[in-house]
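Atoms within each ligand, like the ligands themselves, are counted from 1 in listed order. Just so it is clear, the model here is predicted, and its values are computed rather than measured.
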Amino acid sequence: MLFAHDTQVSLQAAVTLVNSGEDPDTLTTIEDLDAYYARFEYTGRRDRDAAELDAVRRLRTKLRALLTATREDAVEIVNGLLGQARALPQLVRHDRFDWHLHAVDPQAPLDQRITVETAMAMIDVIRADEMSRLGVCAQDDCDGVVLDLSRNRSKIFCDTNCSNRAAVAAYRARRR
Ligand SMILES: [Zn+2]
Ligand SMILES: [Zn+2]
């Protein structure tokens, strides 16, 4: 495994959140946020109100900037985010999850927890000098963020939808 399990899950969650802002936006309702929360096995406080949804939606711009930054810029962003949140890393074990890191109180607002979790995950990426695992989708009209955790670094599209479209385009080009 390239990174610790909780790091990989946090990175996947951050990329999914950022990409939900691609047209059409797939994070527009409290139910959408419920599904996101369940999919990435978040725990802790949920308000299930419009303010929480708005805060998480607004976070996407900030996280995109971090995930697509240069290594030098990412350092500055991560240090800034962790400082603002007064992050205090603690090893915790709860529910069915083995020892992993929490750096903010589980009762902090969800957008803050996602921010800090992403920043903590980026610490590993930066220290391992693996920023190249993050990029932007190779599909012309897509700005989706790509997270490539594969051994052979083969992932260039943000999701199967984009890779399928590329395969169809390549097929058409061959037939022309
Ligand atoms: Zn936890
Ligand atoms: Zn894409």
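Contact annotation: the side chain of His94 approaches that of Thr43 to within less than 4.5 Å [non-hydrogen atoms, C-beta and beyond].
Between Arg165 and Asp141, at least one side-chain N (NZ, or NE/NH1/NH2) sits under 4.0 Å from a carboxylate O, which counts as a salt bridge.
In this structure, Asn79 contributes its side chain and Glu76 its backbone to no donor-acceptor pair below 3.5 Å.
Put simply, the angle at the Zn ion (ligand 2) from SG in Cys162 to SG in Cys142 is close to 110°, to the nearest 10°. When rounded to 10 degrees, the angle formed at the Zn ion (ligand 1) by NE2 (His100) and NE2 (His94) equals 100°. Our summary of the site lists the angle at the Zn ion (ligand 2) between SG of Cys137 and SG of Cys158 as 120°, to the nearest 10 degrees.
Checked by atom type, the side-chain pair Thr28/Arg57 shows no donor-acceptor distance below 3.5 Å.
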